[in-house]
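Note that the coordinates shown come from a computational prediction; the quantities given were computed from them, not determined experimentally. Side-chain atoms are counted along with the backbone in the values below, which use heavy atoms only and exclude waters and symmetry mates.
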Amino acid sequence: MGIKSAWDLAQANPKEIRRRFSVTLERTALELRGVPCIEMNDFDEARKRIMTSRSFGKLTDDINEIREAIRQHGQRGAEKLRRQNGLAKAVLVFLKTNPFREDLHQYSPSLVLELPRPTADSREILHTAGQALERIYRKGYLYQKGGVMLLDLIDADRQQLSLLDTPQSDAERQRSAKLMSAMDVFNQRMGRDTVKLGMPSPAAAWHLRCAHRTNRFTTRWDEICRVGDN
């Protein structure tokens with residue numbers, strides 16, 4: 001389209017940008033014109049719900065690959081939840097087929113399941129998310145996207161305990177908090193996913209396609225700049 005600078009993008013037709021690329025790029029073009037399109041959030045404000053989702057690198061109907069994606073999203077959501085010192089009461093899991101592929105059967109289910117108790121424990125969140133996935137998954141559909149949303153969030157410091165709680169229940173909560181804290185500390189110091197629940201398949205369909213990603217010169221030895229002989 002002859003766009004070689006931010007000025008060119010600002011002067012381009014936003015509707016054409018959206019048609020040929022995406023609504024995100026359209027919003028960027030409008031923002032460059034001074035038209036507010038992207039809401040700025042207060043990072044200190046606790047979220048009322050946490051959504052983690054992403055389109056798959058390619059369509060898939062493999063339940064094992066989809067389960068890995070849901071597990072990955074569930075862990076990311078739980079990490080964000082712990083960062084704001086929150087607890088979730090329920091988990092929503094959804095799947096989507098590609099609505100633009102009219103040659104394929106369409107199916108976009110979702111399901112909300114209540115957690116046994118308010119929690120930020122990745123294990124409990126993933127267990128419930130896995131149950132939801134098993135109930136909504138249908139064979140024969142090619143899925144394009146999946147995600148996990150944590151709902152009914154509360155402040156961990158204001159949790160109202162049940163009258164049926166026992167000393168054992170309190171001990172379990174403390175063990176859970178210590179375990180999750182240890183996982184978060186390892187991942188902060190040693191890098192994301194140093195400690196995680198489950199090992200994802202390296203070539204699974206849900207992984208993003210990164211064919212046009214800039215080489216990570218400063219963090220990957222195999223992507224460092226090389227000087228050739230020519």
Side-chain angles (χ1 to χ4, degrees), residues 14-28 30 37-39 41 47-81 86-116 118-120 122-153 193 196-213:
K15 299 304 180 184
E16 182 67 11
I17 290 291
R18 178 171 183 168
R19 186 183 70 81
R20 297 187 60 174
F21 299 99
S22 68
V23 65
T24 302
L25 194 57
E26 178 195 23
R27 290 171 180 167
T28 302
L30 290 171
C37 299
I38 304 172
E39 182 181 354
N41 295 321
R47 303 182 186 183
K48 297 180 179 179
R49 59 181 63 183
I50 295 176
M51 164 71 84
T52 311
S53 67
R54 185 169 287 174
S55 296
F56 302 153
K58 56 185 178 181
L59 301 178
T60 181
D61 65 347
D62 189 324
I63 180 63
N64 293 318
E65 292 185 340
I66 297 173
R67 187 181 293 113
E68 289 180 4
I70 295 301
R71 186 169 62 222
Q72 182 86 346
H73 296 323
Q75 290 187 78
R76 290 283 181 268
E79 290 169 1
K80 296 176 183 178
L81 180 62
L87 303 173
K89 294 182 178 181
V91 175
L92 178 148
V93 174
F94 74 88
L95 297 173
K96 286 186 178 180
T97 52
N98 188 342
F100 300 103
R101 289 290 302 273
E102 297 180 357
D103 57 317
L104 300 176
H105 296 296
Q106 299 298 315
Y107 177 55
S108 300
S110 64
L111 179 65
V112 176
L113 290 183
E114 186 176 352
L115 289 158
T119 184
S122 296
R123 299 169 301 172
E124 297 181 30
I125 290 172
L126 296 190
H127 178 70
T128 301
Q131 290 180 324
L133 174 62
E134 296 295 335
R135 290 171 60 174
I136 65 175
Y137 171 80
R138 294 291 182 273
K139 188 72 174 175
Y141 296 91
L142 291 175
Y143 297 98
Q144 179 196 35
K145 187 175 184 179
V148 175
M149 181 184 291
L150 304 183
L151 303 170
D152 297 337
L153 307 188
D193 292 335
K196 55 190 173 186
L197 302 176
M199 293 297 294
S201 304
W206 60 270
H207 287 292
L208 283 178
R209 290 176 294 181
C210 302
H212 302 292
R213 182 182 60 198

Do [X] and [Y] touch side chain to side chain, with heavy atoms closer than 4.5 Å?
X: Thr128; Y: Pro116; answer: yes
X: Leu151; Y: Arg49; answer: yes
X: Ile63; Y: Leu133; answer: yes
X: Leu111; Y: Val93; answer: no
X: Leu150; Y: Lys80; answer: no
X: Val91; Y: Leu113; answer: no

Between Thr97 (side chain) and Tyr107 (backbone), is there a donor-acceptor pair under 3.5 Å?
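Yes, the answer is positive, given that a donor and an acceptor are paired below the 3.5 Å cut-off.
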
Specify the closest pair of heavy atoms between Ile70 and Ala129, including all atoms of both residues, with the distance to one decimal.
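Heavy atoms of Ile70 and Ala129 come nearest at CG2-CB, 4.1 Å.
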
So, using ring-ring contact (aromatic ring centres under 6.0 Å, His included) as the criterion, who are the partners of Phe94 when residues are at least two apart?
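Phe94 satisfies ring-ring contact (aromatic ring centres under 6.0 Å, His included) with no residue once adjacent residues are dropped.
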
Decide if atom NZ of Lys196 counts as having more than 12 heavy atoms of other residues, nucleotides or ligands within a radius under 6.0 Å.
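Yes, NZ of Lys196 has more than 12 neighbouring heavy atoms, counting only those of other groups under 6.0 Å.
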
Would you mind telling me which of Ile50, Thr52, Val148 makes a side chain to side chain contact (heavy atoms under 4.5 Å, CB included) with Arg76?
Thr52

Determine the interplanar angle of the Tyr141 and His105 rings, folded into 0 to 90°, and report it as parallel if under 30°, tilted if 30 to 60°, perpendicular if over 60°.
perpendicular

Do Gln144 and Ser55 meet the criterion of a side-chain donor-acceptor pair at a distance under 3.5 Å?
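Not at all, the side chains of Gln144 and Ser55 share no donor-acceptor pair under 3.5 Å.
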
Residues pairing under salt bridge (Lys or Arg N to Asp or Glu O under 4.0 Å) where one sits in residues 15-25, two or more places apart or in two chains, turn out to be Lys15-Glu26, Glu16-Arg19, Arg18-Glu26

